[in-house]
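Note: hydrogens, waters and symmetry copies are ignored here, and every other heavy atom, side chains too, is used. In what follows, chains are A, B, ... by sequence order, proteins preceding strands, each numbered from 1.
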2 protein chains.
Amino acid sequence: MIAQSFVNQPNVYRQKYSISYDKLMAKRRSSSSRKPTLVDVAKAANVSAITVSRTIRSPELVSPQMRIRVEAAVEKLGYSPDPAASALASRVTHNIGLLLPSLTNTVFEDVLDGIYEVSEETRFFIQIGDTRYSALKEEALIGTFLRQKPAGLILTGFEQTEKARKMLSSAHCPIVQIMDYGGTPIDMAVGFDHEAAGYAAAAHLIECGYRNPGCVGARLDARSRRRLDGFRKACQEANLWDERRMVTTPQSSSVGLGRHMLEEMLSKDETVDAIFCNNDDIGIGVLVEAQRRLISVPDQLGICSFHDMEMTKHMHPALTAIATPRYEIGKMAFEMLLAEIDQPQSVKKRIVNSGFELKKRSSTKNLAGKF
Amino acid sequence: MIAQSFVNQPNVYRQKYSISYDKLMAKRRSSSSRKPTLVDVAKAANVSAITVSRTIRSPELVSPQMRIRVEAAVEKLGYSPDPAASALASRVTHNIGLLLPSLTNTVFEDVLDGIYEVSEETRFFIQIGDTRYSALKEEALIGTFLRQKPAGLILTGFEQTEKARKMLSSAHCPIVQIMDYGGTPIDMAVGFDHEAAGYAAAAHLIECGYRNPGCVGARLDARSRRRLDGFRKACQEANLWDERRMVTTPQSSSVGLGRHMLEEMLSKDETVDAIFCNNDDIGIGVLVEAQRRLISVPDQLGICSFHDMEMTKHMHPALTAIATPRYEIGKMAFEMLLAEIDQPQSVKKRIVNSGFELKKRSSTKNLAGKF
DNA sequence: TTGAAAGCGATACCAG
DNA sequence: CTGGTATCGCTTTCAA
């Protein structure tokens, strides 16, 4: 059991050191279990410590013979650098801070997956903070993260507090804001235009021939709200809007909530014939509830979902959805960060519109034949 | 733009220091932007550095007046400790390493959520590693994590490589293995018995009166395999087993795959009348495909899912499932770790069986009336 | 290209 | 309960 190591293992670090350097070294050498340090490698290779450091961090600055000699010593001793010492001396870690509003949301899992995919082979670590959709929590986390001297930071959205923005603008690391497009980034950004996405959803429903479009939205963060705004705008332009068909709740989204919200929608305006759902959980809930009520989809009710997680296209009928490139956003954000860390100001396109895509499936259909 | 700070901001740390301590201090003081250190606080409060350190880490060891004085100075200067320096001196960080086999899997998101919930108010950070269900990748990550001197480690399952186990047993931190029960933990463990869970699923289906039970499983890691073993065992004991009704694939689970696997199952033995699904994605896929084929659930086909994510109970019919306490496991793992960090050997119950629960819903039913 | 010396900012250990 | 001193292991800076 590892736990015994707390009790039984001789720990050289607890011993008192004498003042003499030689004695100290003697003591150290006697402890066979000590992890080798840079100095140990330097001695073994008969070079200075700084040369070893150089060989590891920028081998191109060291002559080939030297490199071989040092690398052999590193290999022989099984040396690996101490990140804490490195961070203390250089004032920067290899941590990349990632602030997400939720961890139990397919959307952010996919982002996470993209980030991890790219970060895997790099020297960097991801440190995740869960802001729970709160700007204040985010502010606190930004403070904590910055204290650690991260190599870079990835934030969600543009809605940081004033104080947070201030801290960030004086941070010594590149920053990417993800999942949104159209705001003013602190440094770099990659995401899509939520209003345009909502607008596109409405345009599709209207084009299909639905005449009483509505939408349901859960947990209205700034981005979902803009999606609904875009949806409403398109409907208003087509003169098909009725505010009763906007059903929202601050609760966080789930399939159960989606079912419930269809019920609410019908109670407010039973003429509704198409629904844009804030995200896939809700979309699936609306579909299931419609089926339970024997409302035929897409004939009596068209459904357009948002994000398009894997499941969406396998529903029956398959859900039409606005697909968002979450994995790609995560990947790109990390790549932008990496480029900036290696070479400040090297990223030319600092604001990227990742776009989105309307996937037409069986939960909506062209009703033209009906007219 | 933050990026300008790379270029324009005067950086005191780049300046050369003179040898004289006083001159150094003078230079430092002149730089108003420097972050205050422990020594700065000590001077402001007119105490020694170590006293400040103590006041922050273990206030109970410091006299009340002293504490007030120091806290005032901390407040006034806006001091916050440097984690790198602390890590270097104390040989331990405030990082908790978490190794998960997948990040895009509801199961682990829920675990993550439980861990974050508890860790939020502590001084610890979670550092996640994605092993992608590979013991070798896990081994590499364990090495990397251990190098950082974590305060604790959370691993998934008992299937570490020999080398990994060796590294772990000599690690100086508590370790919790999660999601499984019945193996030999390195230190502590919390999870459930997968074989028993599979057995329980089969027992339920058999009890309902289904006579040709089968099961479908995707991505067969050690734990899912044991679930299937348990299922098979119960069926064999009831003399109802036919190996053709065991359909598996190494692919990772998804709803699409679930649909596909029902097709495969039917092609191998169309008499199958009940299916245990390795997890919820598959379960939902099987349900959707059954509906598409007009196979009536639960009459012609009983379905029992595994894990029971939120969506499962909202399907129509609602899916019977073995519910697993993922959130609780995460929470408990972190709490066990915390207790051990604060007080080694204080956790008495080092191996916890979290159990699971059979949720009977409409996708299975007692067929007794039929006989 | 290589090296010497001086930190980085905290904690450990023992003494008083 | 408080303080002095010596580290922790690496990088920075400047000189050779």
Side-chain angles (χ1 to χ4, degrees), chain A residues 11-21 23-25 27-28 34-43 45-67 69-70 79-94 147-149, chain B residues 11-21 23-25 27-28 34-43 45-67 69-70 79-94 147-149:
Chain A
N11 189 333
V12 294
Y13 301 116
R14 298 276 151 73
Q15 295 171 23
K16 189 191 177 178
Y17 291 136
S18 61
I19 296 177
S20 146
Y21 183 74
K23 271 193 187 170
L24 172 64
M25 281 296 112
K27 276 201 176 180
R28 280 185 166 188
R34 214 183 106 268
K35 259 195 64 187
T37 71
L38 202 61
V39 172
D40 296 328
V41 177
K43 279 190 183 141
N46 227 293
V47 296
S48 73
I50 184 61
T51 299
V52 177
S53 177
R54 269 196 205 108
T55 309
I56 290 170
R57 291 181 306 153
S58 7
E60 72 280 7
L61 297 180
V62 162
S63 69
Q65 328 78 297
M66 183 64 87
R67 194 188 312 177
R69 192 141 53 104
V70 173
Y79 170 75
S80 62
D82 179 330
S86 163
L88 179 56
S90 69
R91 292 178 193 75
V92 63
T93 64
H94 284 166
R147 217 162 294 146
Q148 311 222 24
K149 297 165 191 148
Chain B
N11 188 332
V12 295
Y13 301 116
R14 298 277 150 75
Q15 294 169 21
K16 187 193 176 176
Y17 292 137
S18 63
I19 295 176
S20 147
Y21 183 73
K23 270 192 187 170
L24 173 63
M25 281 296 112
K27 275 202 176 179
R28 280 183 165 190
R34 213 184 106 268
K35 260 194 64 188
T37 71
L38 202 61
V39 172
D40 297 328
V41 176
K43 280 192 181 140
N46 227 293
V47 295
S48 74
I50 185 66
T51 299
V52 178
S53 178
R54 268 196 208 107
T55 309
I56 290 169
R57 291 181 304 155
S58 6
E60 71 280 6
L61 297 181
V62 163
S63 70
Q65 328 81 293
M66 183 64 89
R67 194 188 311 179
R69 191 140 55 102
V70 172
Y79 169 76
S80 62
D82 179 329
S86 165
L88 179 56
S90 68
R91 288 179 195 75
V92 63
T93 64
H94 284 166
R147 219 162 292 148
Q148 312 222 23
K149 296 165 193 147

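- Contact check, A/S48 against C/dA4: no side-chain N or O comes under 4.0 Å of OP1 or OP2.
- D/dT2 atom P lies 15 Å from atom CZ of B/R57, rounded to whole Å.
- Here the straight-line distance linking atom NZ of A/K149 with atom OG of A/S90 works out to 8.5 Å at 0.5 Å rounding.
- Atoms CD1 (A/I50) and P (C/dG7) sit 16 Å apart, rounded to a whole Å.
- For A/S63 and C/dT2, the shortest distance from a side-chain N or O to OP1 or OP2 is below 4.0 Å.
- In plain terms, the two heavy atoms of B/E60 and B/R67 that are nearest each other are CA-NH2, 4.2 Å.
- We find that CG of B/L88 is positioned 12 Å from C1' of C/dA12, with the value rounded to whole Å.
- Among the heavy atoms of the strands, none lies under 4.0 Å from B/P83.
- Across C/dG9, C/dA10, D/dG3, the shortest atom-to-atom separation from the side chain of B/P81 is found for C/dA10.
- Within the structure, a side-chain polar atom (N or O) of A/T51 is placed less than 4.0 Å from OP1 or OP2 of C/dG3.
- Side-chain N/O atoms of B/R54 and base N/O atoms of D/dG3 include a donor-acceptor pair closer than 3.5 Å.
- One finds the CD1 atom of A/I56 at 12.5 Å from the CZ atom of A/R54 (value rounded to the nearest 0.5 Å).
- Under 4.0 angstrom from either OP1 or OP2 of D/dG9 there lies no side-chain N or O belonging to B/R147.
- In this structure, B/R67 atom CZ and D/dC1 atom C1' are separated by 12 Å, rounded to whole Å.
- Of the candidate nucleotides C/dC8, C/dA12, C/dA10, C/dA10 has the atom nearest to the side chain of B/A89.
- When all heavy atoms are compared, the tightest approach of A/T37 to A/Y79 is C-CE1, 3.5 Å.
- Side-chain proximity of B/M66 to D/dT2, C/dA10, C/dT2: nearest is D/dT2.
- Following rounding to the nearest Å, B/Q148 (CD) and D/dG9 (C1') show an atom-to-atom distance of 15 Å.
- At whole-Å resolution of the value, NZ in A/K149 and C1' in C/dC8 are 8 Å apart.
- Nearest to the side-chain atoms of A/D82 among the listed nucleotides C/dC13, D/dT12, D/dC10 stands D/dC10.
- For B/Y79 and C/dG9, the OH to P distance is 10 Å, given to the nearest whole Å.
- Note: CD1 (B/I56) to P (C/dG9) measures 15 Å, nearest angstrom.
- For D/dT11, the OP1/OP2 oxygens have no side-chain nitrogen or oxygen of A/S90 closer than 4.0 Å.
- Out of C/dT11, D/dT2, C/dG9, the shortest distance to the side chain of B/S86 is found at C/dT11.
- A pairwise comparison of heavy atoms in B/N46 and B/R69 identifies O-NH1, 3.7 Å as the closest pair.
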